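If you read the sequence from its start, that first residue is 1, and numbering goes on from there. From a predicted model like this one, the values you see are computed outputs, not experimental measurements.
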Amino acid sequence: MGSSSSLPVVKERELSCFVGTWNLGNKAPAHMNWIPIEEKHDIYVLGVQEAAFSKEGSKIDLFFEAMLGNIFDTNYVCLGYESLTPRTDSTFKQVNAFKDAVMKGTAKASGIRIVAFMKKSLAEMDHSIHVESYIQTCGRLQGASGNKGAVALVVHIDGARLAFVNNHLNAHMEQLERRIDDYEIISRRLHHAHDTFGDEKQKMTEQDDMEYSVEVMNKNDVVFWFGDVNMRLQPLEDLEQRKEMCDIVLGLIREKKFSELIKHDQLKKLQMRGIMLSGFEEGKIDFVPSFKFNAIKDGSGDGTEKSGLKRVQENPHVYDHQDNQHEKLNYNTKRVPSYCDRILWKKTEGVSIHCTKYTSHKFLQGSDHLPVYGTYKIKMRMLNGKKHQAVSGGFLKMHMTNVELNPHGSPSLLTTKEFKSAPISVTVFHKYSQHNLVLPANSNDDRVWVGDYILESTRSIAEAMAHPVLFLVRDYTKDDEDDVHLRYFGEGMLSLLNLTSRTVNIQLYQGGKPHGSLSAEVFFSVTI
């Protein structure tokens with residue numbers, strides 16, 4: 001595509017990243033020293049849930065600012081901090097009255113928060129860094145209220161995009177369908193934090209603005225989904241057999257058969273069925289379930305190694321699991337011990353992620369959850385810092401041919417009879433393209449577009465490469481009055497940090513579920 005000397009320099013870089021989650025049980029933590037600052041990762045991201053231990057959200061924000069400021073020294077800078085605006089006052093019965101209270105700051109504080117830190121040396125180098133904040137609630141009053149939902153930070157580094165979504169889904173083993181609904185709501189509606197109730201997103205989506213229409217999780221190179229997903233270990237179908245399920249799970253914990261435990265995990269089963277977090281990966285789980293229990297230090301100081309499982313006579317609902325680190329893990333078996341607190345990730349073409357550690361921290365008291373964290377090495381392409389702005393001019397063109405929609409492996413509408421007869425079109429969008437590229441409606445069985453389709457940028461090559469190309473698959477079926485009612489069948493993205501001619505395979509998702517893939521032959525050219 002012309003001389004490579006006229007193109008911005010793109011390099012593969014490696015970032016070390018810490019991601020941690022802790023449900024605080026609405027109690028202020030004594031410390032956060034479980035965060036391994038001594039490992040000196042490039043980026044630290046922490047999400048907490050049930051952090052509403054004050055009626056005033058501002059006080060909690062100041063508390064975390066002070067506590068984390070004591071942990072992260074002057075070698076780190078805060079990239080971003082976000083919390084749900086106060087959302088949890090159940091005394092309101094009307095939507096408008098509640099929204100007024102939220103805007104005035106008089107509703108009760110929410111407990112879902114996220115913060116990110118970066119090495120100062122990286123932040124102050126010749127990098128172009130931008131951070132966006134997102135929120136979404138799941139609950140009553142048309143979703144405006146509730147202590148469940150998500151907050152997210154999206155970090156842009158020299159054209160690479162990393163999204164961190166901290167979530168808290170509905171509790172209790174029997175509420176699996178509500179958790180699935182929560183996940184879909186968050187996936188579809190996650191919106192800019194300044195857009196308090198998502199009204200702007202809804203308005204702009206209705207106006208067919210692709211930047212708003214495409215879901216946050218479908219337009220980033222890397223997505224970390226973490227938090228209290230509240231998924232339970234369910235070894236038996238009968239939910240009334242709680243005691244029997246506890247006995248099974250506790251026995252496997254005692255024998256440290258973690259691979260057997262995870263076979264009973266609700267989330268893993270949903271992933272295999274393509275219902276929730278399909279396409280996401282997770283580190284190997286070889287630690288005890290993080291819920292429901294209190295960590296109590298042995299305190300004997302005798303240096304004796306202890307292990308095993310015993311019944312606590314004072315409370316018939318509590319079991320002690322002792323490991324060889326002189327620690328008692330007191331599971332309260334009113335709930336089946338479970339891996340509620342999780343960290344998963346999804347990546348696009350050209351990105352590699354290696355999980356170097358995935359574990360829980362067992363030396364803390366106060367909450368009925370343990371903190372869980374993972375460390376990761378992320379390799380991805382990035383523009384070569386701000387220097388890329390100085391590259392000579394020109395405009396980038398992306399050419400596509402033999403575009404094919406493949407619905408295989410999708411449990412979505414793509415495989416239904418309704419889809420097979422629908423006139424499907426593909427809209428291709430770029431932030432700096434003058435017009436959207438719309439592939440004509442296609443009702444053929446094979447859904448292949450063989451023409452030469454071109455998307456051209458109106459800004460410099462470097463500016464264009466810093467933003468992905470977005471794809472939106474839609475149905476243009478008309479009703480009896482010849483009006484089109486758009487239905488969305490999947491979304492995906494293609495990074496422009498790789499300008500080699502090749503066949504691409506873009507995974508499509510909608511509402512957090514897989515919707516097949518879109519393949520195409522692409523090549524690029526530059527016009528002066």
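Of the possible donor and acceptor atoms, one in the side chain of N166 sits under 3.5 Å from a partner among the backbone N and O of V48. Between the N230 side chain and the L169 main chain, a donor and an acceptor come within less than 3.5 Å of each other. Between the side chain of T458 and the main chain of Y432, a donor-acceptor pair closer than 3.5 Å is present. Listed for the R232 side chain is no donor-acceptor partner under 3.5 Å among the backbone atoms of C340. Although no hydrogens or angles enter the test, the distance criterion places no donor-acceptor pair under 3.5 Å between the side chain of N220 and the main chain of V222. Side chain of N498 to backbone of T500: a donor-acceptor contact under 3.5 angstrom is found.
Scanning all heavy atoms of the two residues, the minimum distance from S128 to D158 falls at N-OD1, 2.6 Å. Q507 approaches S517 most closely through the heavy-atom pair NE2-CB, 3.9 Å. When all heavy atoms are compared, the tightest approach of L233 to P289 is CD1-CG, 4.1 Å. Nearest heavy atom pair, residue R381 against residue G350, reads NH1-CA, 3.6 Å. Taking both residues in full, the closest heavy atoms of T21 and L46 are given as N-CD1, 4.5 Å, listed atom of the first, atom of the second, then distance. In terms of heavy-atom proximity, S83 sits nearest to I135 at O-CG2, 4.2 Å.
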Please table the atom pairs, donor to acceptor, closer than 3.5 Å between any side-chain atom in residues 341-349 and protein atoms at least two apart or in another chain.
unit_1	atom_1	unit_2	atom_2	d
D341	OD1	H369	ND1	3.2
D341	OD2	S290	OG	2.5
D341	OD2	H369	ND1	2.9
R342	NE	E282	OE2	2.7
R342	NH1	D265	OD1	3.0
R342	NH1	D265	OD2	3.2
R342	NH1	Y339	O	3.0
R342	NH2	D265	OD2	2.9
R342	NH2	E282	OE1	3.1
K346	NZ	M217	O	3.2
T348	OG1	D221	O	3.4
E349	OE1	R502	NH2	3.1
E349	OE2	R502	NE	3.4

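In this structure, the ring of F523 has its center less than 6.0 angstrom from the ring center of H399.
Using modelled atom types and a 3.5 Å distance limit, the side chains of E184 and S187 yield no donor-acceptor pair. No donor-acceptor contact under 3.5 angstrom links the side chains of Q49 and N23, judged on distance only. In summary, the side chains of E215 and Q510 do present a donor paired with an acceptor at a separation below 3.5 Å, with no hydrogens or angles considered. Inspection of the E132 and Y134 side chains reveals an N or O donor paired with an N or O acceptor under 3.5 Å. Side-chain atoms of R188 and Q136 include no donor-acceptor pair closer than 3.5 Å. In the model, R178 has a side-chain atom that pairs as donor or acceptor with a side-chain atom of N170 under 3.5 Å. No hydrogens or angles considered: a donor-acceptor pair under 3.5 Å links the side chains of T427 and R474.
Side-chain contact between F164 and W225 is absent, with no heavy-atom pair separated by less than 4.5 Å. A heavy-atom distance below 4.5 Å is found between the side chains of M382 and L15. Within the 4.5 Å cutoff, the side chain of L176 has heavy atoms near those of the M231 side chain. Counting only heavy atoms from C-beta outward, the side chains of Q434 and E456 never approach each other to under 4.5 Å. In this structure the side chain of S121 never reaches within 4.5 angstrom of the side chain of N75, judged on heavy atoms. Side-chain contact check for F117 versus V77: every heavy-atom pair is 4.5 Å or farther apart. Here the side chains of M380 and L162 are in contact, with some heavy-atom distance below 4.5 Å. V115 is listed as a side-chain neighbour of L68, based on a closest heavy-atom distance under 4.5 Å.
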S433/S457 under side chain to side chain donor-acceptor pair (under 3.5 Å): CA gap, chis, key distance, verdict
CA-CA 4 Å; S433 59; S457 169; over 6 Å; no
Between T503 and N505, is the side-chain contact (heavy atoms from CB on, under 4.5 Å) condition met? List the steps.
CA-CA 7 Å; T503 298; N505 191 53; over 6 Å; no
Given R13 and N384, is the side chain to side chain donor-acceptor pair (under 3.5 Å) satisfied, shown in steps?
CA-CA 10 Å; R13 299 183 183 273; N384 192 28; 2.9 Å; yes
Verdict with reasoning, C17 to H41, per side-chain contact (heavy atoms from CB on, under 4.5 Å):
CA-CA 6 Å; C17 183; H41 294 286; 6.0 Å; no
Quick one, Y358 with Y373, criterion ring-ring contact (aromatic ring centres under 6.0 Å, His included). Give me CA distance, side-chain angles, the key distance, then yes/no.
CA-CA 6 Å; Y358 190 35; Y373 71 88; 8.9 Å; no
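Applying the salt bridge (Lys or Arg N to Asp or Glu O under 4.0 Å) test to pairs two or more places apart or on separate chains, those with a residue in residues 31-43 are E39-K357, D42-K119.
Ion pairing of K292 with D368 is present here, as a side-chain N (NZ or NE/NH1/NH2) and a carboxylate O approach within less than 4.0 Å.
Partners of H264 under the ring pair (Phe, Tyr, Trp, His ring centres under 6.0 Å) rule, at least two apart in sequence or in another chain, do not exist in this structure. H194 is linked by a side chain to side chain contact (heavy atoms under 4.5 Å, CB included) to H192, E200, counting only residues two or more places apart in sequence or in another chain. When the side chain to side chain contact (heavy atoms under 4.5 Å, CB included) test is applied to I37, the partners found at least two apart in sequence or on another chain are I35, Y44, I71, F72. K263 is linked by a salt bridge (charged side-chain N to carboxylate O under 4.0 Å, His left out) to E260, counting only residues two or more places apart in sequence or in another chain.
No option in I454, V403, L518, L439 other than L439 meets the side-chain contact (heavy atoms from CB on, under 4.5 Å) test with V428. None of H467, H130, H127 except one satisfies the ring-ring contact (aromatic ring centres under 6.0 Å, His included) rule with H156; the exception is H130.
Ring planes of F18 and W34: tilted class, angle from 30 to 60°.
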